[in-house]
Amino acid sequence: MPELPEVETMRRGVALIAGSRIRGVRRPPSRLVPIQITPRLHALRRRVIGRRIESVGRLGKRIVIALDSRDRLVIEPRMTGRVLLADRGEAPDREHVRLVFELDGGGRRSLDGRRLVFWDSRGLGMVWLLPPEDFARRLGPQRIGPDALGITPDELRLRLAPSRRAIKVALLDQKALAGIGNLYASEILHRARLHPGIACCELRPIQWRRLHAMIGEVLEEAVALQGSTLADGTYRTARNEAGAFQGRHRVYQRAGQPCLQCRRGKIVRLVQVQRSTFYCPVCQRRRRT
DNA sequence: CATATGTCCTGAGAGC
DNA sequence: TGCTCTCAGGACATAT
């Protein structure tokens with residue numbers, strides 16, 4: 001499930017397409033239900049072919065490709081989407097390829113013929129082409145909070161502290177802060193020694209500071225290790241490699257196993273808002289410290 | 001307004 | 001072995 005570290009890794013892997021022009025857009029034949037493309041493919045083609053890619057950015061868990069038309073191409077991998085870069089002649093797994101952008105090198109001959117590939121096994125992902133007004137409306141600051149990597153301690157507290165929701169649930173709210181998903185929420189709370197069920201409004205200043213520090217620590221480490229590739233193998237980098245942060249997981253999908261921190265607690269799986277949370281009942285007591 | 005729940009989708013794994 | 005069932009969780013629409 002691509003969260004901030006995985007999306008940032010994919011972004012870095014395709015960042016060199018900045019400067020290229022889009023030469024074609026293809027949707028390979030597939031028996032799968034097509035992913036949602038807005039606008040439809042023929043209109044998308046009309047608006048992107050011949051356009052130059054200005055930059056490849058990230059907004060929370062989305063990749064944002066800015067074009068010289070001022071439109072932005074937004075790719076949402078959601079659960080199982082991958083953003084891959086294929087060299088000329090290289091054929092990525094045909095099976096779940098949903099959309100292909102054919103690129104030139106923007107004057108760099110060695111880059112001609114590259115393709116930006118959107119792969120998605122489950123098909124919940126989306127691709128949007130948004131003019132500036134639509135981008136601002138759909139993905140502006142009132143819809144997407146500040147990036148979890150780089151949020152200030154004050155901002156974190158300001159945005160979450162009034163809520164009566166459990167801290168784990170609030171961390172997943174992309175309007176509050178952007179980029180954290182189910183996996184990293186558990187890992188962050190474990191390192192911050194906070195019980196996932198504590199209401200935000202009950203956290204004390206020292207706990208907010210710890211939480212802020214661990215958001216940065218976990219996400220930075222995960223980006224450095226190119227994200228987490230779980231046993232299902234779904235996530236891959238843009239170059240189709242596995243990430244390595246799964247080796248550093250302390251709680252996620254470790255229910256019943258001993259806590260790697262205290263060695264006494266057994267990791268517990270808890271369900272919150274229909275999603276699994278993992279925590280150590282010894283390290284992450286409900287009681288305030 | 002804040003918070004909770006249902007929905008989409010496919011592949012893996014469990015159970016028989 | 002092969003079938004059926006459940007589950008995984010991104011973001012958003014709808015309900016409370």
Side-chain angles (χ1 to χ4, degrees), chain A residues 1-11 27-28 30-38 58-64 74-83 93-99 118-128 130 134-135 137-145 147-148 158-189 196-202 219 222 227-236 246 249 251-256 269-278:
Chain A
M1 60 239 62
E3 305 181 24
L4 186 154
E6 289 77 25
V7 177
E8 175 61 16
T9 302
M10 292 190 282
R11 186 198 71 76
R27 170 141 55 184
S30 168
R31 282 169 287 107
L32 301 171
V33 173
I35 57 153
Q36 191 181 319
I37 300 168
T38 307
R58 180 180 58 77
L59 186 65
K61 301 175 194 171
R62 296 167 169 96
I63 285 179
V64 179
V74 176
I75 303 178
E76 275 186 44
R78 299 226 179 161
M79 289 295 295
T80 53
R82 296 177 186 167
V83 177
D93 278 353
R94 296 286 307 269
E95 179 107 50
H96 294 107
V97 170
R98 307 285 183 150
L99 200 62
F118 184 62
W119 181 102
D120 190 351
S121 66
R122 224 173 278 174
L124 298 177
M126 308 219 176
V127 175
W128 309 84
L130 300 174
D134 291 0
F135 183 86
R137 200 183 62 241
R138 304 188 64 103
L139 297 171
Q142 60 282 84
R143 298 287 288 271
I144 309 288
D147 201 73
L158 183 74
R159 301 185 72 93
L160 293 185
S163 173
R164 295 197 306 277
R165 288 180 298 180
I167 184 64
K168 157 66 171 13
V169 176
L171 284 175
L172 300 181
D173 182 352
Q174 304 300 299
K175 281 200 296 294
L177 81 168
I180 295 174
N182 204 49
L183 189 162
Y184 291 99
S186 284
E187 293 298 325
I188 288 164
L189 289 172
I198 309 175
C200 293
C201 55
E202 291 173 3
L219 295 180
S228 303
T229 299
L230 302 175
D232 66 13
T234 300
Y235 160 72
R236 314 287 292 178
Q246 64 280 5
H249 291 179
V251 289
Y252 191 74
Q253 288 187 346
R254 294 195 61 249
R269 174 177 176 267
L270 163 79
V271 174
Q272 295 175 288
V273 198
Q274 294 157 173
R275 268 121 183 93
S276 300
T277 303
F278 298 87

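This one's a predicted model, so the numbers in the text were calculated from it and none came from an experiment.
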Please work out if A:S163 contacts a base, only the sugar-phosphate, or nothing of the nucleic acid, heavy-atom cut-off 4.0 Å.
-> sugar-phosphate
Is there a donor-acceptor contact under 3.5 Å from the side chain of A:E187 to the main chain of A:V251?
-> yes
Let me see the working for A:Y252 and A:L230 under side chain to side chain contact (heavy atoms under 4.5 Å, CB included), right down to the final yes or no.
-> CA-CA 10 Å; A:Y252 191 74; A:L230 302 175; 3.9 Å; yes
Supply the atom-to-atom distance A:L124 CG to A:E76 CD, rounded to the nearest 0.5 angstrom.
-> 10.5 Å
Between A:S121 and A:A231, which has a closest nucleotide on DNA chain B that is more 5'?
-> A:S121
Range on DNA chain B touched by chain A - first to last nucleotide, heavy-atom distance under 4.0 Å | B:dT3 to B:dG11
Using whole Å, report how far CZ of A:R138 lies from C1' of C:dA13.
-> 12 Å
So how far is it from A:E95 CD to A:S121 OG, rounded to the nearest 0.5 Å?
-> 9.5 Å
Could you tell me whether the side chain of A:T229 and the main chain of A:Y235 form a donor-acceptor pair under 3.5 Å?
-> yes
Looking across every strand, which nucleic acid part, if any, lies under 4.0 Å from A:R62 by heavy atom: base, sugar-phosphate, or nothing?
-> sugar-phosphate
Okay, side chain of A:S186, backbone of A:F278: is any donor-acceptor separation there less than 3.5 Å?
-> yes
For DNA chain C, whose closest nucleotide is more 5', that of A:I144 or that of A:L124?
-> A:L124
What parts of residues 165-174 of chain A reach DNA chain C, counting only heavy atoms under 4.0 Å away?
-> A:Q174
Rounded to the nearest 0.5 Å, how far apart are CG of A:L183 and CG of A:L4?
-> 12.5 Å
Contact class for A:G181 vs. all strands (heavy atom < 4.0 Å): base, sugar-phosphate, or nothing?
-> sugar-phosphate
Between A:Q274 and A:R122, just flag the one whose closest nucleotide in DNA chain B comes earlier from the 5' side.
-> A:Q274
Mind calculating the distance between CG (A:N182) and P (C:dC7) to the nearest angstrom?
-> 15 Å
Check: A:R275 side chain, C:dA8 base, donor-acceptor under 3.5 Å = no
Between A:Y184 and A:E6, is any side-chain donor less than 3.5 angstrom from a side-chain acceptor?
-> yes
A:M1 near the nucleic acid: base, sugar-phosphate alone, or nothing, with a heavy-atom cut-off under 4.0 Å?
-> sugar-phosphate
Here the pair of heavy atoms bringing A:P5 nearest to A:G227 is CB-CA, 4.3 Å
Distance, rounded to the nearest Å, where A:Q253 contributes CD and C:dC7 contributes P | 15 Å
So what does A:D232 touch, heavy atoms closer than 4.0 Å: a base, only the sugar-phosphate, or nothing?
-> nothing
For the pair made of CD in A:E187 and P in C:dG9, what is the distance, rounded to whole Å?
-> 13 Å
Estimate the overall bend of the helix from B:dA2-C:dT16 to B:dC16-C:dG2 from the end axes over five pairs each, rounded to 10 degrees.
-> 50°
Show the numbers, then the answer: is there a salt bridge (charged side-chain N to carboxylate O under 4.0 Å, His left out) between A:D147 and A:R58?
-> CA-CA 9 Å; A:D147 201 73; A:R58 180 180 58 77; 2.8 Å; yes
Are the side chain of A:Q36 and the backbone of A:V127 linked by a donor-acceptor contact shorter than 3.5 Å?
-> no
Where A:K168 and A:T277 come nearest, the two heavy atoms and their spacing = NZ-OG1, 2.9 Å
Remember a base hit wins even if backbone is also touched, and classify A:Y252 as base, sugar-phosphate or nothing at under 4.0 Å, heavy atoms.
-> sugar-phosphate
Rounded to whole Å, CD of A:Q272 lies from P of C:dG10 at a distance of 13 Å
Any side-chain N or O of A:Y184 under 4.0 Å from OP1/OP2 of C:dG9?
-> no
In whole angstroms, how far is the C1' atom of C:dC12 from the NZ atom of A:K61?
-> 13 Å
Calculate the interatomic distance between A:F118 atom CZ and C:dG10 atom C1'; express it in whole Å.
-> 11 Å
What is the nucleic acid contact for A:S276, judged by heavy atoms within less than 4.0 Å: base, sugar-phosphate only, or nothing?
-> sugar-phosphate
Length of the CG-P vector between A:L270 and C:dA8, whole Å | 12 Å
Step by step, work out the side chain to side chain contact (heavy atoms under 4.5 Å, CB included) result for A:R165 and A:D173.
-> CA-CA 10 Å; A:R165 288 180 298 180; A:D173 182 352; 2.9 Å; yes
Look at all strands and tell whether A:E76 reaches a base, only sugar-phosphate, or nothing, counting heavy atoms closer than 4.0 Å.
-> sugar-phosphate
